[in-house]
Visitor: 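Here's a structure for you.
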Amino acid sequence: MTSLRAVVAGAIAVLAVAMGTARAAEPVKIGEINSYTAIPAFTIPYRNGWQLAVDEINKAGGVLGGRKLEVISRDDGGKPSDAITAANELISRDGVVMLAGTFLSHVGLAVSDFAKQKKVVFIASEPLTDALVWSQGNRYTFRLRPSSYMQTAMLVEQAAKLPAKRWATVAPNYEYGQSFVSNFKTLLKAKRPDVEFVAEQWPALGKLDAGPTVQALEQAKPDAIFNATFAGDLAKLVREGNTRGLFKKRAVVSALTGEPEYLDVLADEAPEGWIVTGYPWYDIKTPEHRKFVEAYMAAYGEDPRMGALVGYNTIKAIAAALDKAGSTDTNALIAAFEGLTFQTPIGPLAFRAADHQSTMGAWVGKIALRDGAGEMVDWTYADGAKYLPPADEARKRRPAE
């Protein structure tokens, strides 16, 4: 009998070890959601970027002591409802341990609210609205890219130096555009109380009617224009504005326009002299960044875009948090992300515990034509940490939990 008990105990021990080994060998699944069909110029390079990071991490041994990282990706089509459906399926059917991604601000806010309800970590890679980490922030949501507040603060430093007093604004009429314009007005007035805003244009996202928009801006006779349109709307605005002379002898300050996703589309129509945020990958010479650029080109046969860097950094952050947490437990992951420092091609970045915003910055410079294409010149890197409110103030901007 004693011998039989010993055999059974031994078998159970072997089975337990085998089951533990099997669990350890299971991949760590991340659910990723983005607007691949709606905003392909940004999101396809973004997907390439996160896939490059996944491949590198798995080749180096994975996460959590040897588990592979697996990303299960879904397309939200630029619609909050589709994003929520995808998020629900990723959690309930695919067994992902956290969510990541989204591009449009209203989509990101919808997924953030879902994450709060379902008590799952969400890493918002791209949405820029301040609400994501402030007025609608929650303990489950973290954001990678510099927010509309941060990028506006970077641009206002340059805008305040201009002699312009009369300003007009143009931005898409949804959370992202409203946030950018509100921040620009507030921050510029704080530095230059003498400025006034004489016109606003609010085209629907993706539906800018260039002729009437440009005409309305011109009729206001501003000294300068603040622009927050992007993608197809930006191209329409630039082309019609160039045709009608809107930008002649008039300063323009423009969010995101220096990103290759948008400059490449404009080609030789790129508006020279605009003050922009962007990504001059071709002139960033640090060894870490050059390594990233070379690896991306080798993998995909094309130049990197801003989306590629964002996608890559998203996965690097997730891997670092998993290893710091030592598990896939939600509370452990939240604790790991709060104050997390992780390595990227542009140097170490961190997530603030106060508001879950990362310190990723942006490049600020001017557009110039070089060999028939628009590029950023006279740029500097603006460290995101320097453009955030103090931690105590940031906490006050978040809802009580």
Visitor: Which side-chain N or O atoms in residues 245-253 pair as donor and acceptor under 3.5 Å with protein atoms at least two apart or in another chain?
Guide:
| unit_1 | atom_1 | unit_2 | atom_2 | d |
| --- | --- | --- | --- | --- |
| Arg250 | NE | Pro222 | O | 2.8 |
| Arg250 | NH1 | Glu218 | OE1 | 2.9 |
| Arg250 | NH1 | Leu246 | O | 2.8 |
| Arg250 | NH2 | Pro222 | O | 3.4 |

Visitor: Can you list the residues that meet the salt bridge (Lys or Arg N to Asp or Glu O under 4.0 Å) rule with Arg290, with sequence neighbours excluded?
Guide: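 Scan of Arg290 (salt bridge (Lys or Arg N to Asp or Glu O under 4.0 Å), adjacent residues dropped) gives none.
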
Visitor: Checking Glu175 now: which residues fulfil salt bridge (Lys or Arg N to Asp or Glu O under 4.0 Å) with it, not counting sequence neighbours?
Guide: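 None.
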
Visitor: Quick one: do the Asn34 and Glu32 side chains pair a donor with an acceptor below 3.5 Å?
Guide: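 Checked: Asn34/Glu32 side chains pair up, N/O donor to acceptor below 3.5 Å.
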
Visitor: When you compare the side chain of Phe114 with that of Tyr140, does any pair of heavy atoms fall below 4.5 Å?
Guide: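 In short, these two side chains do not touch, never coming nearer than 4.5 Å.
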
Visitor: Report all side-chain donor-acceptor pairs from residues 59-66 shorter than 3.5 Å, counting only partners two or more places apart or in another chain.
Guide:
none

Visitor: Measure across Ala164 and Ala224 and return the closest heavy-atom pair with its distance rounded to 0.1 Å.
Guide: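 Heavy atoms only, the tightest pair is CB-CB, 3.6 Å.
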
Visitor: Any side-chain heavy-atom pair from Met98 and Phe122 closer than 4.5 angstrom?
Guide: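 In short, these two side chains do not touch, never coming nearer than 4.5 Å.
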
Visitor: Return yes if a side-chain donor-acceptor contact under 3.5 Å exists between Ser254 and Asn227, otherwise no.
Guide: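 Yes, because at least one side-chain N or O of Ser254 sits under 3.5 Å from a partner of the opposite role on Asn227.
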
Visitor: Hey, could you give me each pair passing salt bridge (Lys or Arg N to Asp or Glu O under 4.0 Å) that has a residue in residues 105-121? Not counting sequence neighbours.
Guide: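 Not a single pair qualifies under salt bridge (Lys or Arg N to Asp or Glu O under 4.0 Å).
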
Visitor: Quick one: are Glu261 and Ile44 in side-chain contact, heavy atoms under 4.5 Å?
Guide: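 With C-beta onward as the side chain, the pair stays apart.
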
Visitor: Tell me, which pairs form a salt bridge (Lys or Arg N to Asp or Glu O under 4.0 Å) where one or both residues lie in residues 126-155, sequence neighbours left out?
Guide: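 Output for this query lists Glu126-Arg145, Arg145-Glu259.
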
Visitor: Side chains of Arg397 and Asp355: closer than 4.5 Å at any heavy-atom pair?
Guide: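 No, side chains not in contact.
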
Visitor: Tell me which pairs pass side-chain hydrogen bond (donor to acceptor under 3.5 Å, both in side chains) where either residue lies in residues 377-387, with sequence neighbours left out.
Guide: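 Those involving residues 377-387 are Glu157-Tyr387.
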
Visitor: Does the side chain of Thr129 pick up a donor-acceptor pair with the side chain of Ser105 at under 3.5 Å?
Guide: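 Note: Thr129 and Ser105 side chains miss the donor-acceptor criterion.
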
Visitor: Output every pair passing side-chain hydrogen bond (donor to acceptor under 3.5 Å, both in side chains) with a member in residues 82-93, not counting sequence neighbours, ordered by first then second residue.
Guide: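 Non-adjacent pairs meeting side-chain hydrogen bond (donor to acceptor under 3.5 Å, both in side chains): zero.
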
Visitor: May I have all residue pairs that pass salt bridge (Lys or Arg N to Asp or Glu O under 4.0 Å) and include part of residues 277-288, sequence neighbours excluded?
Guide: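 Counting only pairs at least two positions apart or across chains, the salt bridge (Lys or Arg N to Asp or Glu O under 4.0 Å) contacts touching residues 277-288 are Asp283-Arg370.
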
Visitor: Less than 6.0 angstrom from the centroid, inside 45 degrees of the normal: does Arg47 satisfy that with respect to the ring of Tyr36?
Guide: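 Yes - Arg47 lies over the ring of Tyr36, closer than 6.0 Å to its centre and within 45° of its axis.
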
Visitor: Could you tell me whether the side chain of Ile225 reaches within less than 4.5 Å of the side chain of Trp167, counting heavy atoms only?
Guide: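 No - every pair of side-chain heavy atoms lies 4.5 Å or more apart.
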
Visitor: Any chance NZ of Lys79 has more than 12 other-residue heavy atoms, nucleotides or ligands included, within less than 6.0 Å?
Guide: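 At most 12 heavy atoms, drawn from other residues, nucleotides or ligands, come within 6.0 Å of this atom.
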
Visitor: Answer yes if the side chains of Asp76 and Thr102 hold a donor-acceptor pair under 3.5 Å, and no otherwise.
Guide: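 Their side chains do not contain a donor-acceptor pair, so the 3.5 Å distance test is not met.
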
Visitor: Does a side-chain heavy-atom distance below 4.5 Å link Met360 with Ile346?
Guide: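 They are in side-chain contact.
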
Visitor: Scan residues 316-330 for pairs that pass side-chain hydrogen bond (donor to acceptor under 3.5 Å, both in side chains), counting only residues two or more places apart or in two chains.
Guide: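 Of all non-adjacent pairs touching residues 316-330, none passes side-chain hydrogen bond (donor to acceptor under 3.5 Å, both in side chains).
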
Visitor: May I ask you to establish whether Arg352 and Phe142 are in a cation-pi arrangement, using a distance under 6.0 Å from NZ or CZ to the six-membered ring centre and at most 45° from the ring axis?
Guide: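 Judged by the rule, Arg352 and Phe142 form no cation-pi pair.
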
Visitor: Is there a side-chain contact between Lys191 and Val156 in this structure, where contact means two heavy atoms from C-beta onward sitting under 4.5 Å apart?
Guide: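 Yes, side chains in contact.
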
Visitor: Restricting to salt bridge (Lys or Arg N to Asp or Glu O under 4.0 Å), what partner residues turn up for Glu196, sequence neighbours left out?
Guide: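 Arg166.
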
Visitor: Looking at Tyr312 versus His289, is the centre-to-centre ring distance below 6.0 Å?
Guide: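 Ring-ring flag for Tyr312/His289: false, centres at least 6.0 Å apart.
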
Visitor: Under a plain distance cut-off of 3.5 Å, with no hydrogens placed, do Asp303 and Trp281 share a side-chain donor-acceptor pair?
Guide: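 Trp281 vs Asp303: no donor-acceptor pair found between side chains.
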
Visitor: With a 4.5 Å cut-off on side-chain heavy atoms, are Arg192 and Lys165 touching?
Guide: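 Touching, per the 4.5 Å side-chain cut-off.
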
Visitor: Inspect the surroundings of CG in Asp371 and state if more than 12 heavy atoms from other residues, nucleotides or ligands are less than 6.0 Å away.
Guide: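 Count not over threshold, so no.
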
Visitor: Taking only residues two or more places apart in sequence or in another chain, which ones pass ring-ring contact (aromatic ring centres under 6.0 Å, His included) with Phe342?
Guide: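 By the ring-ring contact (aromatic ring centres under 6.0 Å, His included) rule, Phe342 matches Phe351.
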
Visitor: Taking the six-membered ring where the residue is Trp, are the ring centres of Phe180 and Tyr176 under 6.0 Å apart?
Guide: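 They qualify: ring centres under 6.0 Å apart.
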
Visitor: In terms of side-chain geometry, is the basic nitrogen of Glu240 or Arg244 positioned less than 4.0 Å from the acidic oxygen of its partner?
Guide: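 A salt bridge links Glu240 with Arg244.
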
